[in-house]
Participant: 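Take this structure, written in C-alpha cells, and hold onto it; I'll ask about it next.
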Amino acid sequence: MRGQSIPEGVTPMPEDRLPSRAEDFSEWYNQLVLRAELADYAPVRGCMVVRPYGWALWEAITRELDRRFKATGHVNAGFPMFIPKSFLEKEKEHVEGFSPELAVVTIGGGEELEEPLAVRPTSETIIGHMYAKWVKSYRDLPILINLWNSVVRWEKRTKLFLRTTEFYWQEGHTAHATAQEADEETLRMLDIYADFAENEAAVPVIRGRKSDSEKFAGAACTYAIEAMMGDGKALQSATSHNLGQNFAKAFNIQYLDEQNSQQYAWTTSWGLSTRFIGAIIMVHGDDTGLILPPRLAPTQAVIVPIWRKEEEKSAVTEKALQLEQELRQTYRVRVDLRDGLTPGYKFNDWEMRGVPVRIEIGPRDLAAGTVALARRDRPGREGKTTAAWDGLPQSVGALLDEIQLALLARAKKFRDDHTQDPADYDGFRGAVEQGFAVSWWCGDAACEEKVKEDTKATIRCIPLEQPDGKGRCLVCGKDASRKAVFGKAY
RNA sequence: CGGGGUGUAGCGCAGUUGGCAGCGCACUGCGUUUGGGACGCAGGAGUCGGCGGUUCAAGUCCGCCCACCCCGACCA
C-alpha cells in the first residue's frame, strides 16, 4: 500500500489525526473532505456545499479544461435548468436510464404547471430540441457547444464529490454532418480528458470503451477514462459519448447536404464533473491529508514564518512577505501570518490541505540567507531541503515540477502494482479484490454478468490500446479478440 | 429501496436505579509562548433529532416519525 505512516518527529493528538487509509478508507475520505474544508454537507439530502477551498480546486480544473475546449474550437453557452418532462421521454433508452432519478417541478408561481418540468439530469434532450431549430444546412455544422452548469440526479446513495444529488460539471454537445466526424470528436474529447487527467491532475487513466451494459443511456457508444483510487477501486473520471443519430432522430435534427437531400445529424456529448475532485483526493492523498498536484493546487506554496522573540518576529515577517512578493509573480503562494499558532500546528494544517510546497523561514534562515523547503509528497525530514533566497523562484518552480511528475509516477506505479493478468478464474477473483484484472473477454454480456455476480467487479472499460493476438475468454473460454479491464468501481 | 448503526454545545464523547446538563478539543478575552499539533487564568456556548405517552419528575422508560452514516441492488 502507498499509505505512509505518520512522518517522523510528528506526534499528532489522537483526535486530530485522520483515520488511516488502510484502517478505513471510506472514513478517511469523508473526514478529509470535511477537515480540509473542501466541502460540507448541505441541509438537503445528498447535496453538498463546495467550500471556497474546494471551489478553488474546481476552478483550476475548469480553467484547464476550458482552455483545451476552446483550443479545439468549442464555445460556451448557457441552457435552462428546467426541461419539459416530455423531452426526456423522446429517446427510449434515455428515458429508461434517467426517469428513476429525476427531480420534477410541478408547481410554479403557486400554480400547478400544465407540463411538469424536470430539473436537468443532463442536457441532451433540450440540446436536441434547440439544435433541431438551428440546423438547416450542412453549412450550419458542426456545432460545438459546451455548458458549465450543475445537474440533479436523485441518487439512492450519495458521497461527497463522488455521487451527490446535485453536482457541477461541464457537458459538451456537438452535432456533425458525418458519422466519422462525430466519432473523431468523441475520441478527441476523450484524449483531452486523458491529457488533462495525467498532465494537470497527475492522475493516470486508461482510455477505453464501455461495454453495452455500462454505456450512457441513449448513446451508440460510450468512451471513458478510468482511474484507480488508493484503495484499488476504479473511478470513471470522465466520459465521452458518440450518440450516433439517436438524438438527432428523436429530436429531428436534420440538414440538407450538398446533394440537397435531408440527412440526420450525428451528435456527441462528453462530461467531467466535480467527481474528479474525488479522484484527486483518493489517488494522491495520504494519512496526513490531501496532496494536491502542483498544477491544480489553489495554493502551490505556503510560507510559514517562525520566531522566538518579538524583534525576530518583525524581521522574519518582513522577509517572508518580501519572498512572497517575489514568488507571487509566477506562483500561487501565501504567507501564514496567523497569530497564536505554533509553526508545528501550521505545518500539519497545510499538510492536511495538501499544499505541495512549504517554505519555512526563521531566525536561523535569516542569518544564513536561506529557507527550508518541504515537499508534501515526502513526509517529515526526508522531504526537507535548504534553499537560498537567491534564485528561490527557480528552486520552488523546479520543486513543483518535480512533485508533479513524482505524483504521476507514484500513482502509475501503484496502479501497475495492483493490476494483474490472472491466469485463471480463481486468480481473477483475487485480482479484482485488490485492483484491476486485465483479461480476455469474448464480448458476451452473460460473461460480464457472471463476473459481476461472482465478484462484484464490472468491466471498467475495453482499453483502446490492445495487445496483438487473441486469447480465450476468462469466463467461458471461447475465443476472444479483446482484453477488458475489470475492477470494483465507485 | 432492503440490512445495520448513530443522533446530548461547532467537533468528539460521558451521563449510573428516572432526581440541578457534563468532560475534552475548538471558540472569545488577557498574559506567557512559537524550527513538527504550546501553556495559564477568566469566559461564552444546549429545543439532549422531532412529536406524543407514562410519571410528582424523562437525556434516561414506551410509541411513532425524521435525519445522517456504513453495508448491499442503480448511477458521472
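Small disclaimer: the values here were computed from a predicted structure and weren't measured. Below, chains carry the letters A, B, ... as their sequence lines are ordered, and counting in each starts from 1.
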Participant: Considering only the C1' atoms, how many Å lie between B:rA9 and B:rG5, rounded to the nearest integer?
Facilitator: 23 Å
Participant: With P as the reference atom in both, quote the distance from B:rC71 to B:rA38 in angstrom, rounded to an integer.
Facilitator: 34 Å
Participant: Remember a base hit wins even if backbone is also touched, and classify A:Lys210 as base, sugar-phosphate or nothing at under 4.0 Å, heavy atoms.
Facilitator: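 Answer is nothing: A:Lys210 stays at 4.0 Å or more from every strand.
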Participant: Give, for atom CH2 of A:Trp270 and atom CG of A:Leu187, the distance between the pair rounded to the nearest 0.5 Å.
Facilitator: 13.5 Å
Participant: Choose from B:rG72, B:rU34, B:rG36 the nucleotide whose nearest atom is closest to any side-chain atom of A:Lys384.
Facilitator: B:rG36
Participant: So, A:Lys452 and A:Glu449, do they make that salt bridge, N to O below 4.0 Å?
Facilitator: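 Salt bridge flag = no for A:Glu449 with A:Lys452.
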Participant: Does A:Glu351 pair with A:Lys346 as a salt bridge, N-O distance under 4.0 Å?
Facilitator: no
Participant: Measure CG/A:Asn348 against P/B:rU34 and give the value in whole Å, please.
Facilitator: 18 Å
Participant: Any side-chain N or O of A:Thr342 below 4.0 angstrom from OP1/OP2 of B:rG37?
Facilitator: no
Participant: Under a 3.5 Å cut-off for both contacts, is B:rC13 paired Watson-Crick or G-U wobble with anything, and if yes, with which nucleotide?
Facilitator: B:rG22
Participant: For the side chain of A:Asn30, counting heavy atoms from C-beta on, which of B:rC69, B:rA76, B:rG35 is nearest?
Facilitator: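 Ranking B:rC69, B:rA76, B:rG35 by closest atom to the A:Asn30 side chain puts B:rC69 first.
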Participant: Which of these nucleotides, B:rC70, B:rC75, B:rG35, is closest to any side-chain atom of A:Arg364?
Facilitator: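 Output: B:rG35.
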Participant: Would you classify A:Leu162 as touching base, sugar-phosphate or nothing, given that sugar-phosphate means primed atoms plus P, OP1 and OP2, and contacts are heavy atoms under 4.0 Å?
Facilitator: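 Base: the residue A:Leu162, judged by heavy atoms under 4.0 Å, touches a nucleobase.
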Participant: Send over the distance from A:Leu34 CG to B:rA26 C1', rounded to a whole Å.
Facilitator: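 Rounding to the nearest Å, CG of A:Leu34 and C1' of B:rA26 are 16 Å apart.
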Participant: If only side-chain N and O atoms of A:Arg308 are considered, is one of them under 4.0 Å from the OP1 or OP2 phosphate oxygen of B:rU34?
Facilitator: yes
Participant: Answer with base, sugar-phosphate or nothing: what part of the nucleic acid does A:Ser26 contact at a heavy-atom distance below 4.0 Å?
Facilitator: sugar-phosphate
Participant: Here's a test of your reading of the structure: between A:Pro363 and A:Gln236, which maps to the more 5' nucleotide of RNA chain B?
Facilitator: A:Pro363
Participant: Confirm from the modelled atom types if A:Ser273 and B:rA76 form a donor-acceptor pair under 3.5 Å, side chain to base only.
Facilitator: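 Pair found.
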Participant: Please give the distance between the C1' atoms of B:rA45 and B:rC25 as a whole number of Å.
Facilitator: 14 Å
Participant: Only counting residues at least two apart or in another chain, list the ones meeting ring-ring contact (aromatic ring centres under 6.0 Å, His included) with A:Phe167.
Facilitator: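 Result, ring-ring contact (aromatic ring centres under 6.0 Å, His included) vs A:Phe167: A:Trp169.
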Participant: Side-chain donor or acceptor of A:Arg153 under 3.5 Å from a matching atom on the base of B:rC75?
Facilitator: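 Side chain to base: no pair present.
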Participant: Listed by chain and number, what are the ring-ring contact (aromatic ring centres under 6.0 Å, His included) partners of A:Tyr193, not counting sequence neighbours?
Facilitator: none
Participant: Look at all strands and tell whether A:Lys346 reaches a base, only sugar-phosphate, or nothing, counting heavy atoms closer than 4.0 Å.
Facilitator: nothing
Participant: Go ahead and name the base partner of B:rG43; Watson-Crick or wobble counts if both distances stay under 3.5 Å, otherwise write none.
Facilitator: B:rC27
Participant: Distance alone, cut at 3.5 Å: any donor-acceptor contact between the side chains of A:Glu171 and A:Asn149?
Facilitator: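 The answer is yes; a qualifying pair exists.
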Participant: Rounding to an integer number of angstrom, what distance separates B:rG59 and B:rU16 when you compare their C1' atoms?
Facilitator: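 Going atom to atom, C1' in each nucleotide, I get 13 Å.
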Participant: Side chain of A:Asp349 only, please: which of B:rC75, B:rA73, B:rG37 is the nearest?
Facilitator: B:rG37
Participant: Pick the C1' atom in B:rA21 and in B:rA57, then give their distance to the nearest Å.
Facilitator: 16 Å
Participant: Starting from P on B:rC71, measure out to NZ on A:Lys488 and report it in whole angstrom.
Facilitator: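 After rounding, the gap between these two atoms is 12 Å.
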Participant: Among the candidates B:rG36, B:rA73, B:rG35, find the nucleotide nearest to the side-chain atoms of A:Lys156.
Facilitator: B:rA73
Participant: Using atom C1' in both nucleotides, what's the gap between B:rC74 and B:rU54 to the nearest angstrom?
Facilitator: 45 Å
Participant: Could you tell me how far apart A:Arg35 (CZ) and B:rG37 (P) are, to the nearest whole angstrom?
Facilitator: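 Roughly 16 Å, once rounded to whole Å.
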Participant: Which nucleotide, B:rU34, B:rC71, B:rC75, lies nearest any side-chain atom of A:Trp307?
Facilitator: B:rU34
Participant: Tell me which nucleotide, if any, is Watson-Crick or G-U wobble paired with B:rU33 when both distances must be under 3.5 Å.
Facilitator: none
Participant: Using a 4.0 Å heavy-atom cut-off, does A:Ser99 contact any base of the nucleic acid, only the sugar-phosphate backbone, or nothing at all?
Facilitator: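 Answer is nothing: A:Ser99 stays at 4.0 Å or more from every strand.
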Participant: In whole Å, I'd like the distance from the CZ atom of A:Arg460 to the C1' atom of B:rA76.
Facilitator: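 So the two atoms are 11 Å apart, to the nearest Å.
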Participant: For B:rA76, is there a stacking contact with A:Phe167, counting only centres under 5.5 Å and planes under 30°?
Facilitator: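 Here A:Phe167 meets both the 5.5 Å and the 30° conditions.
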Participant: Whole-Å distance between B:rC74 P and A:Trp154 CH2?
Facilitator: 21 Å
Participant: Mind checking the P distance from B:rU17 to B:rC62? Whole angstroms is fine.
Facilitator: 14 Å
Participant: Can a salt bridge be assigned to the pair A:Glu226 and A:Arg207 using a cut-off of 4.0 Å between side-chain N and carboxylate O?
Facilitator: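 Result for this pair is no, no salt bridge flagged.
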Participant: Please state whether the base of B:rG35 and the side chain of A:Asp365 form at least one donor-acceptor pair under 3.5 Å?
Facilitator: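 A donor-acceptor contact between them is present.
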Participant: Would you sort out whether A:Phe216 and A:His94 count as a ring-ring contact (aromatic ring centres under 6.0 Å, His included), showing the intermediate values?
Facilitator: CA-CA 8 Å; A:Phe216 175 75; A:His94 200 64; 5.6 Å; yes
Participant: Using the C1' atom on both, measure B:rA58 against B:rG12 and round to a whole Å.
Facilitator: 25 Å
Participant: Just checking A:Gly362: base, sugar-phosphate only, or nothing, at a heavy-atom cut-off of under 4.0 Å?
Facilitator: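 Base contact.
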Participant: At under 4.0 Å between heavy atoms, what does A:Ala372 touch on the DNA or RNA strands: base, sugar-phosphate, or nothing?
Facilitator: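 Base contact.
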Participant: Would you indicate what A:Arg358 reaches in the nucleic acid, counting non-hydrogen atoms under 4.0 angstrom: base, sugar-phosphate, or nothing?
Facilitator: base
Participant: Using heavy atoms to find the nearest nucleotide of RNA chain B for A:Lys452 and A:Leu341 separately, return the residue whose nucleotide is more 5′.
Facilitator: A:Leu341
Participant: A:Glu351 CD to B:rG36 P: how many Å, rounded?
Facilitator: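 These atoms are roughly 12 Å apart.
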Participant: With both distances under 3.5 Å as the test, what is the Watson-Crick or G-U wobble partner of B:rC64?
Facilitator: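 Its partner is B:rG50.
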Participant: Please state how far atom CG in A:Asp339 lies from atom P in B:rU33, giving the value in whole angstrom units.
Facilitator: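 After rounding, the gap between these two atoms is 13 Å.
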Participant: Salt bridge check, A:Glu59 against A:Arg63: does any charged N sit closer than 4.0 Å to a carboxylate O?
Facilitator: no
